[in-house]
Amino acid sequence: MLLKLRGGLNNFLVTILLGLLIAAFAIWGIGPGMLSGSNQYVAKVGDTEVSTNRFFNLVQQRAQSLQIQFGGEFSTPQLVQMMQLDQQVLGQMLVDATVKEHISSLGLRATDDQLAAELRNIEAFKMPGGGFSPELMQQALISNNITQSELFSDLRSAVTRGQLVESFVVEDMISRDMANALYTWQAERRGAALINLPADIFVDIPEPNEEELATYYETGKAAYMTPERRTYDYMLLTPAYFASQVEVPEGEIERIYEARAQEFAASEIRAVYQVSFDSEQEALDFIAAVNGGADFTETAVASSDFAANEIDLGDNTRADMEAEFGPEAADLVFSLSENSPSEPIEDIAGWSVYMVPSVTIVEGRSFELVEGELEQEYRAEEAIDIMFDYQNSIDEAMESTGSLTEIAQNIGLPLASVVDVDAQGRGVDGNPAVTQQNEYIVQSAVFREEFGAEPTIADLNPTDSTAGFYLFEIKEIKTPAEQPLEDIRERVITDWTAERQREKAGEVAEAAVERLKAGEAPEAIAEDLGGTSFEAKNVARTGDNSSNLAPNIRQLIFDLDVNDVDSAAAADGNGYIVVKLLNKQAGAPETAEAAVNSLLDQLNADFQEELFVQYQAYLTELYPAEINSLLIQQLFSPENFQQ
């Protein structure tokens with residue numbers, strides 16, 4: 001909580017350009033041994049080199065952050081490959097290098113005073129009172145494996161980058177008049193009378209004669225082709241399939257319970273407040289005030305640089321406190337009575353005072369309560385090993401035969417079959433033939449494969465090989481074929497009738513438009529024609545999820561002038577909507593200062609971002625990069641990562 005990098009980066013474009021510098025403060029290590037002493041570079045822009053060490057460390061940092069998010073399920077090389085982290089980082093570093101090269105060509109350089117000002121703005125180097133601490137700076141550099149020389153060099157580059165960008169970025173590039181005009185347009189509201197004429201209200205459509213039906217069928221014959229259907233065999237293996245085969249050794253679940261005893265033992269969770277002061281006397285004065293009846297949080301905010309949300313550390317276990325603040329602080333916090341401030345304790349932040357506003361007791365869980373859960377977990381883990389053993393057996397069987405039937409027979413696993421299924425997983429009768437998610441994954445893969453392809457093993461989840469795998473063999477593909485009119489006669493009649501209903505709705509809508517133009521009331525017209533009328537009030541140019549107006553009808557409302565009338569097809573294809581614009585009211589920027597200010601800020605930010613994109617594109621063309629692709633490929637082999 002205390003080592004936070006913030007401040008000093010208010011300018012939008014400077015923030016973008018300093019992104020790599022900020023990321024560098026969190027790198028996780030020195031990188032692979034192969035990089036030690038290497039003067040190679042992964043890329044070069046003009047005379048500016050992209051450091052191999054920095055590049056590797058930044059990729060490793062991102063991968064390790066993702067490892068934490070994914071619970072350690074993937075190795076660093078896997079994440080680099082799946083997420084293309086090396087290409088992401090390289091792209092950012094190349095942008096940084098082009099800017100540095102341009103700065104160098106212009107002869108820009110930061111002064112010592114500017115460097116000092118940047119140092120003072122880094123929160124990680126500040127004491128709670130706000131003063132700069134050389135000791136905190138050194139501690140942060142050491143813990144993050146950054147030298148002081150590297151830091152100063154990066155900060156000087158950051159300052160000159162800011163100077164360069166700010167030289168062609170002018171505040172308020174977009175005028176307030178433009179923002180007012182845009183707000184006037186955006187905030188316009190309109191009201192309209194609408195008549196809904198669904199096609200299905202016109203039920204007096206005569207059946208087509210044979211000539212009409214045949215002509216309609218021939219014209220739209222392509223819509224009545226049978227879908228492509230496939231028949232295939234498949235093998236689907238998941239840990240759940242093998243869980244029942246797992247033998248649980250006697251006493252194994254008890255052993256697991258004992259090994260994880262701390263997890264199931266009774267424990268405390270404590271809500272914790274913390275505030276720090278520059279001196280012990282300030283901390284003692286604060287404690288005296290709280291003991292005298294003052295509120296801990298209010299007094300802490302008033303007498304320190306801490307905000308209320310920084311004082312509240314939330315709920316913590318003893319392990320949480322020890323990991324964040326050390327054993328001494330953890331012992332102190334877990335010895336406190338509720339709502340009593342602790343004695344001051346000296347730490348990296350100065351003199352800290354803690355208080356526990358509440359304690360939650362988490363009851364222990366006996367072996368009897370968790371036995372079933374632990375056995376299920378054990379079976380699931382062991383089932384994964386069994387599954388992979390079968391995968392190895394399948395690999396061996398595939399070397400001698402390409403027939404899935406023979407593979408299944410050789411290893412003694414069942415084979416499932418799906419017959420005449422379409423791309424949506426429906427059978428010939430129109431009912432779902434594929435119903436489970438894993439089965440659908442297989443079916444989707446089948447429709448992406450060519451007939452005659454040999455079975456290959458594929459993971460159910462490309463990012464999790466433990467989820468299971470499948471392989472299949474396509475037995476038959478039935479290509480789309482024409483269906484005789486007599487076989488689908490009722491369907492064709494239904495489609496023909498629906499089209500005639502839509503045509504009728506269009507004709508009635510045209511009549512309704514003319515009657516509205518003539519001044520008749522929409523309610524009377526709707527009642528006479530069998531439709532429904534309603535009024536849309538305060539319609540905005542853009543709708544939200546709660547709006548019941550289709551986008552094309554909203555657009556029509558904003559295309560019309562007051563008292564104009566027109567119609568449009570209903571969004572669902574069922575009939576027409578007739579619209580008469582009743583009123584419109586432009587946005588009033590003079591009464592919406594906050595909204596206009598927000599719009600103006602957004603316009604300027606968007607303009608600046610676009611300007612930076614154009615500037616970046618210009619530099620990329622001006623300074624083409626040389627990329628050492630072979631070195632990058634070598635860097636991210638598994639043996640080069642610290643695990």
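Legend: residues meeting side chain to side chain donor-acceptor pair (under 3.5 Å) with D566, ordered by chain and number and at least two apart, are absent. Residues that satisfy the side chain to side chain donor-acceptor pair (under 3.5 Å) test with D233, not counting sequence neighbours, are S417. Contacts of D561 classified as side chain to side chain donor-acceptor pair (under 3.5 Å), with partners at least two apart in sequence or in another chain: none. Evaluation of the side chain to side chain contact (heavy atoms under 4.5 Å, CB included) rule for Q186 yields L182, L599 as partners, not counting sequence neighbours. Looking at residues two or more places apart in sequence or on another chain, you find a side chain to side chain donor-acceptor pair (under 3.5 Å) between E486 and R489. The salt bridge (Lys or Arg N to Asp or Glu O under 4.0 Å) check on E476 picks up nothing, with sequence neighbours excluded. By the salt bridge (Lys or Arg N to Asp or Glu O under 4.0 Å) test, R176 is found to be paired with no residue, residues two or more places apart in sequence or in another chain being considered. Residues meeting the salt bridge (Lys or Arg N to Asp or Glu O under 4.0 Å) test with D86, sequence neighbours left out: none. Every residue two or more places apart in sequence or in another chain that forms a side chain to side chain contact (heavy atoms under 4.5 Å, CB included) with Q616 is listed here: V95, F612, T620.
Neither side chain, S175 nor D177, offers a donor N or O lying under 3.5 Å from an acceptor on the other.
Under 4.0 Å is where a charged nitrogen must lie from a carboxylate oxygen, and between K580 and D564 no such pair does.
Closest heavy-atom contact between M387 and T466: CE-O, 3.8 Å. In terms of heavy-atom proximity, P455 sits nearest to E473 at CG-CB, 4.2 Å.
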Exercise answer: donor-acceptor pairs, residues 234-245 side-chain atoms, under 3.5 Å, sequence neighbours excluded:
none

- [ ] Kindly determine whether K478 and T226 satisfy side-chain contact (heavy atoms from CB on, under 4.5 Å), including the steps that lead there.
- [x] CA-CA 9 Å; K478 293 181 178 178; T226 61; over 6 Å; no
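Note on residues 187-204: pairs passing salt bridge (charged side-chain N to carboxylate O under 4.0 Å, His left out), not counting sequence neighbours, are E188-R190, E188-R541. Residue pairs meeting the side-chain hydrogen bond (donor to acceptor under 3.5 Å, both in side chains) criterion with at least one partner in residues 518-539, sequence neighbours excluded, are R515-E520, R515-D528.
For the pair S598 (side chain) and A594 (backbone), a donor-acceptor distance under 3.5 Å is absent.
Other residues, nucleotides and ligands contribute over 12 non-hydrogen atoms within 6.0 Å of the CD atom of E218.
Judged by a 6.0 Å distance limit and a 45° cone about the ring axis, R230 is positioned over the six-membered ring of F447.
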